[in-house]
Amino acid sequence: MLAYLDQNKMDMAVMLPIAPYDRNESVQEICRKHPDRLIGFCSIHPTFFRYGDPAPQTQLRRLVIIEKFRGLKIHPRIQQFSLKDPRIYGLLYEAARLNIPVVIDGVRHGNSIPALEADLREIDAYASIFYDLPIIVAHLGGEYLYDMVDISRQRPNVFLDLSWIHDFEAKHYAGRPDRVGAIEYAVKTLAPYYKLIYGSDYPEE
């Protein structure tokens, strides 16, 4: 990863785990070895925890205050939770209290959750309620690219990340007239507002 940063002339990178598939402790260990190059975000499953486990909000408080993680990553598709689940609001409330950013994966393809439960436009409600919480939507919002561009433009606390989006468009929307120039549209629309964040999905890309 450090070689990748050097090769691309990047000063620092953020490591984003996905619970429970990646261990927060592993990310923490690596970031502590290279604090001048790597920033660690933690990940918590917002809706699944065993009896006796601390609530997600309590977990997040410990990870940020004690373990010094600097952000949160959640992934509706892989972690299989509904964006309308009230427990998501509870976790985001705690993130806002802790003054950390939250990264939310933006691709719904392959999700077994019903479409209405995985509608990324729920982020507009998140951004309205938690107006001082920075929300970063990965992959330009995937299927919801146009919606997320509009939401990001209207909500000062919503940002979009560019990772994997070129491959996503080629895989799922090649030849679709309504998606021709979609990435260019998003970049030209949002660049003046400083709403775009570079992401790589490394090491998968």
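All of these numbers come straight from a predicted model, not from anything done at the bench. All residue numbers refer to positions in the sequence shown, counting from 1.
Side-chain atoms of Thr58 never come within 3.5 Å of backbone atoms of Pro54 as a donor-acceptor pair (strictly under, hydrogens ignored). Side chain of Lys195 to main chain of Val158: a donor-acceptor pair is present (N/O by atom type, distance under 3.5 Å, no hydrogens or angles). A donor-acceptor pair under 3.5 Å links the side-chain atoms of Asn157 to the main chain of Leu133, judged by distance alone. Without hydrogens or angle criteria, Glu143 side chain to His109 main chain gives a donor-acceptor distance under 3.5 Å. No donor-acceptor pair closer than 3.5 Å links the side chain of Tyr193 to the backbone N or O of Gln154. No donor-acceptor pair under 3.5 Å is formed between the side chain of Lys84 and the backbone N or O of Glu117. In this structure a side-chain-to-backbone donor-acceptor pair under 3.5 Å is missing from Asp85 to Thr47. The backbone N or O of Gly142 lies less than 3.5 Å from no partner atom in the side chain of His139, so there is not a single donor-acceptor pair. Counting only distance, with no hydrogens or angles, the side chain of Lys9 and the backbone of Asp6 share no donor-acceptor pair below 3.5 Å. At least one donor-acceptor pair closer than 3.5 Å links the side chain of Asp119 to the backbone N or O of Arg121.
If you look at Phe81 and His75, their ring centroids are not closer than 6.0 Å. Note: Phe159 and Tyr194 fail the aromatic proximity criterion, with ring centroids not under 6.0 Å apart.
Looking at every heavy atom in both residues, Ala13 comes nearest to Leu5 through CB-CD2, 3.6 Å. Between Ala19 and Gln79 the shortest heavy-atom distance is O-NE2, 2.8 Å. Of all heavy-atom pairs between Ile74 and Ile44, the closest is CG2-O, 3.8 Å. Between Pro76 and Ile113, the shortest heavy-atom distance links the atoms O-CD1, 4.2 Å. Closest heavy-atom contact between Ser43 and Lys73: OG-O, 2.9 Å.
Side-chain contact between Gln80 and Ser112 is present, with at least one heavy-atom pair separated by less than 4.5 Å. Residues Val14 and Leu16 form a side-chain contact, since some pair of their non-hydrogen atoms from C-beta on lies under 4.5 Å apart. Residues Val137 and Leu120 form a side-chain contact, since some pair of their non-hydrogen atoms from C-beta on lies under 4.5 Å apart. You'll find the side chain of Asp161 stays beyond 4.5 Å of the side chain of Val103, heavy atoms only.
Note on Tyr93: it clusters hydrophobically with Ile88, by side-chain heavy-atom contacts below 4.5 Å among ILVMFWY residues.
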Step-by-step salt bridge (charged side-chain N to carboxylate O under 4.0 Å, His left out) determination, Lys33 to Glu29:
CA-CA 6 Å; Lys33 289 180 179 178; Glu29 181 182 354; 3.7 Å; yes
Ring pair (Phe, Tyr, Trp, His ring centres under 6.0 Å) between Tyr202 and Tyr4: does it pass, once the steps are laid out?
CA-CA 9 Å; Tyr202 179 91; Tyr4 178 86; 4.5 Å; yes
Apply salt bridge (charged side-chain N to carboxylate O under 4.0 Å, His left out) to Asp124 and Arg155, showing your working.
CA-CA 8 Å; Asp124 190 40; Arg155 301 291 186 189; 2.7 Å; yes
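With hydrogens and angles left out, the side-chain atoms of Tyr89 and Glu94 include no donor and acceptor closer than 3.5 Å.
For Asp132, the CG atom is densely surrounded, since the number of other residues' heavy atoms within 6.0 Å is greater than 12.
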